[in-house]
Amino acid sequence: MSARLIGLLAAMVALLSAALATGTRVYYALFFLILLLLLFALGSVFWTLMTLRVGMKGLRARVVRGERLMTILTVEHRSLLPPGEMRVTLNVPGGAGGQQEIRVDAPPFARQSYRNVIRCPHRGDYEVGVSRVSASDAFGLFC
């Protein structure tokens with residue numbers, strides 16, 4: 001849960017308690033407006049994650065120790081509701097814990113390609129690829 005979501009839920013509780021105590025319709029309207037905002041945000045995150053396709057391919061199958069590997073990351077989603085931010089976590093050799101996070105922006109129904117360079121400082125076989133994908137809504141409430 002984010003701090004924004006907690007604040008929004010606290011505002012909803014306050015509006016609902018004021019509406020029930022006074023019977024004023026304005027408080028009910030504001031409560032349901034915030035509820036619609038929450039449903040919109042949750043729907044945009046789920047729809048984006050259900051339709052998101054991420055692919056990654058390297059230009060070469062092998063590299064020598066100390067060289068760099070050029071990879072192409074393709075991202076596509078079919079959500080009409082706007083997602084806020086999409087992050088792709090990659091498994092990479094060496095580095096900080098073997099993870100690299102990339103922030104991607106992709107319009108709906110369009111394939112977006114990103115070029116990424118991966119350093120290969122050590123000797124051995126490495127499984128390089130996408131390990132995790134996350135998306136958040138435009139308001140920053142859900143991730």
Side-chain angles (χ1 to χ4, degrees), residues 1-61 63 65-122 124-143:
M1 287 179 100
S2 66
R4 289 181 186 178
L5 181 61
I6 292 171
L8 206 59
L9 291 175
M12 286 179 69
V13 167
L15 284 171
L16 188 61
S17 63
L20 291 173
T22 62
T24 308
R25 292 183 183 179
V26 172
Y27 296 124
Y28 285 115
L30 290 174
F31 173 79
F32 285 115
L33 184 70
I34 293 175
L35 184 64
L36 282 175
L37 176 111
L38 282 175
L39 291 176
F40 178 79
L42 191 63
S44 72
V45 169
F46 277 130
W47 195 359
T48 301
L49 286 177
M50 295 306 256
T51 61
L52 186 66
R53 292 188 181 159
V54 179
M56 183 176 165
K57 67 177 182 175
L59 297 180
R60 293 186 291 171
V63 293
R65 178 182 174 190
E67 287 187 357
R68 296 168 189 244
L69 172 66
M70 174 67 77
T71 59
I72 297 174
L73 181 72
T74 57
V75 178
E76 174 184 18
H77 72 91
R78 300 190 183 281
S79 171
L80 293 175
L81 298 175
E85 180 178 82
M86 292 180 282
R87 293 179 184 257
V88 178
T89 306
L90 304 174
N91 284 333
V92 295
Q99 301 270 320
Q100 180 182 6
E101 191 171 83
I102 299 173
R103 183 183 178 274
V104 295
D105 293 321
F109 300 103
R111 181 173 290 157
Q112 194 81 328
S113 296
Y114 298 93
R115 292 178 184 241
N116 186 28
V117 177
I118 297 175
R119 287 184 42 241
C120 300
H122 303 294
D125 292 333
Y126 295 100
E127 292 292 324
V128 177
V130 178
S131 66
R132 182 173 180 229
V133 177
S134 66
S136 67
D137 62 303
F139 306 112
L141 300 174
F142 298 102
C143 181

Tell me, with the steps shown, if Val133 and Met86 meet side-chain contact (heavy atoms from CB on, under 4.5 Å).
CA-CA 7 Å; Val133 177; Met86 292 180 282; 5.8 Å; no
For Asp137 and Leu81: C-alpha separation, side-chain torsions, deciding distance, then whether side-chain contact (heavy atoms from CB on, under 4.5 Å) applies.
CA-CA 9 Å; Asp137 62 303; Leu81 298 175; over 6 Å; no
What residues, two or more places apart in sequence or in another chain, satisfy side-chain hydrogen bond (donor to acceptor under 3.5 Å, both in side chains) together with Arg132?
none
Who pairs with Glu85 by side-chain hydrogen bond (donor to acceptor under 3.5 Å, both in side chains), at least two apart in sequence or on another chain?
Arg87, Arg103
Is there a side-chain contact (heavy atoms from CB on, under 4.5 Å) between Tyr114 and Ile72? Walk through the geometry before answering.
CA-CA 6 Å; Tyr114 298 93; Ile72 297 174; over 6 Å; no
To the nearest 0.5 Å, tell me how far Leu69 CG sits from Glu67 CD.
9.5 Å
Check against side-chain contact (heavy atoms from CB on, under 4.5 Å), Leu90 and Ile102
CA-CA 8 Å; Leu90 304 174; Ile102 299 173; 3.4 Å; yes
Phe139 versus Leu5: any side-chain heavy-atom pair under 4.5 Å?
no
Could you list the donor-acceptor pairs under 3.5 angstrom formed between side-chain atoms of residues 37-50 and any protein atom two or more places apart in sequence or on another chain?
residue, atom, partner, partner atom, Å
Ser44, OG, Ala41, O, 2.9
Thr48, OG1, Ser44, O, 2.7

Measure from the side-chain N and O atoms of His77 to the backbone N and O of Ala106, and report whether any donor-acceptor pair falls under 3.5 Å.
yes
Applying side-chain contact (heavy atoms from CB on, under 4.5 Å), name anything that partners Leu15, two or more places apart in sequence or on another chain.
Tyr27, Leu30, Phe31, Ile34
Locate the shortest heavy-atom distance separating Ser79 from Pro108; write the atom from each residue and the value.
O-CB, 3.2 Å
Testing the basics here: between Leu73 and Met56, what is the closest heavy-atom pair and its distance to 0.1 Å?
CD1-CB, 4.0 Å
If only atom types and distance count, is the side chain of Ser131 paired as donor or acceptor with the main-chain N or O of Thr89 below 3.5 Å?
yes
Should the pair Glu76-Arg111 be classified as a salt bridge under the 4.0 Å nitrogen-to-oxygen rule?
yes
Taken in chain and number order and not counting sequence neighbours, the residues that satisfy side-chain hydrogen bond (donor to acceptor under 3.5 Å, both in side chains) with Arg115 are none
Output every pair passing side-chain hydrogen bond (donor to acceptor under 3.5 Å, both in side chains) with a member in residues 5-26, not counting sequence neighbours, ordered by first then second residue.
Thr22-Thr24
Heavy-atom closest pair, residues Met12 and Leu35:
CE-CD1, 3.8 Å
Please answer whether the main-chain N or O of Asn116 pairs with a side-chain N or O of Thr71 as donor and acceptor at a distance below 3.5 Å.
yes
